**Student:** 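Below: one structure in structure tokens.
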Amino acid sequence: AGDEITGQLYNFTDKGGRRVALRPEMTPSLARMVMARAGSLALPLRWYAIPQCFRYERMQKGRKREHFQWNMDVVGLAHVAAEAELMAAQVAFLRRTGLNLDDQPAVRIRVSNRRILQGLLEREGVTGEDFAAACVIIDKRDKIGRAATAEQLVAGGIEADTAERVLDTLELRGLDALCERLGDELPGIDELRELCELAAAAGFGHLLEIDLSVVRGLSYYTGVVWELFATSGAMRAIAGGGRYDALMGTLGGRPLPMVGFGFGDVVILDLLAEHGLLPAPARTVDDVVFPMQQPQFVAANRIAATLRARGRRVVVDYSCRRFKHVIKAAEQDGAEFCYIVGGDELARGVCKRRRVGEREEEELALTAV
């Protein structure tokens with residue numbers, strides 16, 4: 001998958017002396033699963049998973065060493081209709097979170113085609129492994145800036161004039177500007193044109209931005225690649241995807257068209273929090289039973305058992321601490337009622353019940369709880 005992933009592997013030697021690694025991503029696993037059953041699958045195949053993934057890298061805002069990732073892939077469809085369908089799924093999800101995707105949308109989709117960049121670099125004599133290495137460098141352009149990108153391209157063996165011409169081209173935006181500069185003959189431009197038409201028909205064409213600087217750092221991508229970017233704040237990409245038609249062949253199987261995306265949980269949570277769209281956590285506790293001292297523990301357990309038999313979710317607070325701390329914890333847990341059992345109440349065969357958030361209490365017979 002490229003030097004970046006290899007360098008970020010969370011790998012170690014286990015107690016049996018075996019060299020193992022925690023899964024950094026799901027795509028190669030999907031390719032192997034398809035290879036194992038290629039003859040029996042009805043194509044095109046639509047597949048999704050939510051795996052836990054690990055990357056050994058410096059932690060920062062929006063990036064952790066472990067995360068859950070929503071993957072969707074289409075296998076066996078060579079047309080860009082597959083890319084359009086996957087983008088439509090991402091757009092549908094973003095709309096359902098409440099993010100604005102109409103006027104001044106909160107997220108845009110930056111789209112490119114690595115075949116265009118490959119054709120452009122081939123004109124300059126950059127091919128094979130040199131092209132893959134150049135893509136990794138260009139993928140870091142937004143982070144390190146143009147000057148540093150040019151320096152790294154030159155250090156990788158690309159002529160300085162060539163590097164500058166490539167970077168000039170990467171700053172073009174839109175199909176018209178690309179065709180004017182590069183002509184219509186470069187492979188991949190027709191695919192972008194079709195993709196824009198499909199996106200417009202699906203209602204999200206206004207979110208697409210043609211941007212050749214999007215190359216994605218993984219070396220197995222072969223065609224259309226895209227990234228979802230937040231339009232406000234200093235957010236990094238929140239999701240990305242692309243076509244990887246050659247991956248099956250590199251793993252020893254029959255080449256098969258494949259395209260998919262990965263959508264991590266960390267950055268989207270940050271984005272939703274920024275827009276005030278994170279839902280309130282669901283109530284996890286219905287009732288809290290508070291025995292004030294140890295001699296009331298038995299009675300508290302009986303009350304809890306009775307409430308649980310009715311389907312209530314009950315916590316017995318055995319802390320014997322001051323009541324204000326008990327009621328504060330009950331509020332944080334989202335409890336509806338707090339049942340209080342003290343020595344005087346137990347002697348009279350009653351308990352007190354308070355609705356959390358209110359101050360009034362009522363007495364209930366223990367047999368009537």
Side-chain angles (χ1 to χ4, degrees), residues 1-7 80 83 87 108-197 199 205 207-229 231 234-237 240-247 250 259:
D3 292 340
E4 183 180 16
I5 291 293
T6 304
V80 290
E83 282 89 332
M87 291 178 190
R108 291 192 181 275
I109 307 173
R110 293 166 55 183
V111 186
S112 182
N113 192 323
R114 285 179 72 147
R115 294 174 64 202
I116 298 175
L117 183 61
Q118 184 174 1
L120 176 64
L121 287 172
E122 283 179 351
R123 289 178 176 178
E124 306 288 349
V126 181
T127 60
E129 293 183 359
D130 291 337
F131 168 69
C135 286
V136 172
I137 295 170
I138 292 170
D139 187 50
K140 298 184 289 186
R141 174 175 166 272
D142 286 345
K143 299 177 184 177
I144 65 177
R146 173 171 174 143
T149 304
E151 289 177 7
Q152 292 191 20
L153 288 173
V154 171
I158 295 177
E159 296 290 335
D161 290 345
T162 299
E164 291 299 328
R165 284 195 296 272
V166 169
L167 292 175
D168 286 342
T169 304
L170 295 182
E171 293 179 359
L172 297 175
R173 297 293 181 267
L175 272 176
D176 292 340
L178 277 181
C179 292
E180 183 178 345
R181 173 73 66 87
L182 305 176
D184 290 331
E185 70 276 6
L186 273 180
I189 288 183
D190 286 343
E191 290 178 347
L192 289 183
R193 186 175 288 111
E194 282 191 277
L195 178 59
C196 290
E197 292 173 356
L207 299 178
L208 263 58
E209 294 182 350
I210 304 303
D211 181 352
L212 278 193
S213 68
V214 176
V215 297
R216 308 285 290 150
L218 300 173
S219 63
Y220 52 64
Y221 287 125
T222 57
V224 172
V225 289
W226 72 93
E227 290 184 341
L228 275 59
F229 272 84
T231 57
M235 299 290 293
R236 55 193 298 274
R243 179 167 287 276
Y244 51 101
D245 290 349
L247 183 57
T250 63
V259 59

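Model, not experiment: these values are computed from the prediction.
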**Student:** Can you check whether Ser112 reaches Leu212 side chain to side chain, under 4.5 Å on heavy atoms?
**Tutor:** yes
**Student:** Met87 and side chain to side chain contact (heavy atoms under 4.5 Å, CB included): which partner among Leu195, Leu207, Leu228?
**Tutor:** Leu195
**Student:** Provide the closest heavy-atom pair for Val225 versus Val214 in the form atom of the first, atom of the second, distance.
**Tutor:** CG2-O, 3.3 Å
**Student:** Test side chain to side chain contact (heavy atoms under 4.5 Å, CB included) on Ile189 and Asn113 and set out the steps.
**Tutor:** CA-CA 8 Å; Ile189 288 183; Asn113 192 323; over 6 Å; no
**Student:** Output the distance between atom CD1 (Ile116) and atom CG (Asp190), rounded to the nearest 0.5 Å.
**Tutor:** 9.5 Å
**Student:** Closest approach of Ala163 and Ala150, non-hydrogen atoms and distance?
**Tutor:** CB-O, 4.5 Å
**Student:** Looking at Asp168 and Arg165, is there a salt bridge between them, counting it only when a charged N and a carboxylate O are closer than 4.0 Å?
**Tutor:** no
**Student:** Which heavy-atom pair separates Cys196 from Ile210 by the least distance, and what is that distance?
**Tutor:** SG-CD1, 3.9 Å
**Student:** List the atom of Asp245, the atom of Thr222, and the distance in Å for their closest heavy-atom pair.
**Tutor:** N-OG1, 3.1 Å
**Student:** Please report the closest heavy-atom contact between Val259 and Glu83, naming both atoms and the distance.
**Tutor:** CG2-CG, 3.7 Å
**Student:** Surrounding CD of Glu122 (heavy atoms of other residues, nucleotides or ligands, distance under 6.0 Å), is the total greater than 12?
**Tutor:** yes
**Student:** List the atom of Glu227, the atom of Ala237, and the distance in Å for their closest heavy-atom pair.
**Tutor:** OE1-CB, 4.0 Å
**Student:** Is it true that the NZ or CZ of Arg110 lies under 6.0 Å from the centre of Phe229's six-membered ring and within 45 degrees of the ring axis?
**Tutor:** yes
**Student:** Verify side chain to side chain contact (heavy atoms under 4.5 Å, CB included) between Ile138 and Leu117, making sure each step is shown before the conclusion.
**Tutor:** CA-CA 10 Å; Ile138 292 170; Leu117 183 61; 4.0 Å; yes
**Student:** Check Glu164 with Arg146, please: is the shortest side-chain N to carboxylate O separation under 4.0 Å?
**Tutor:** yes
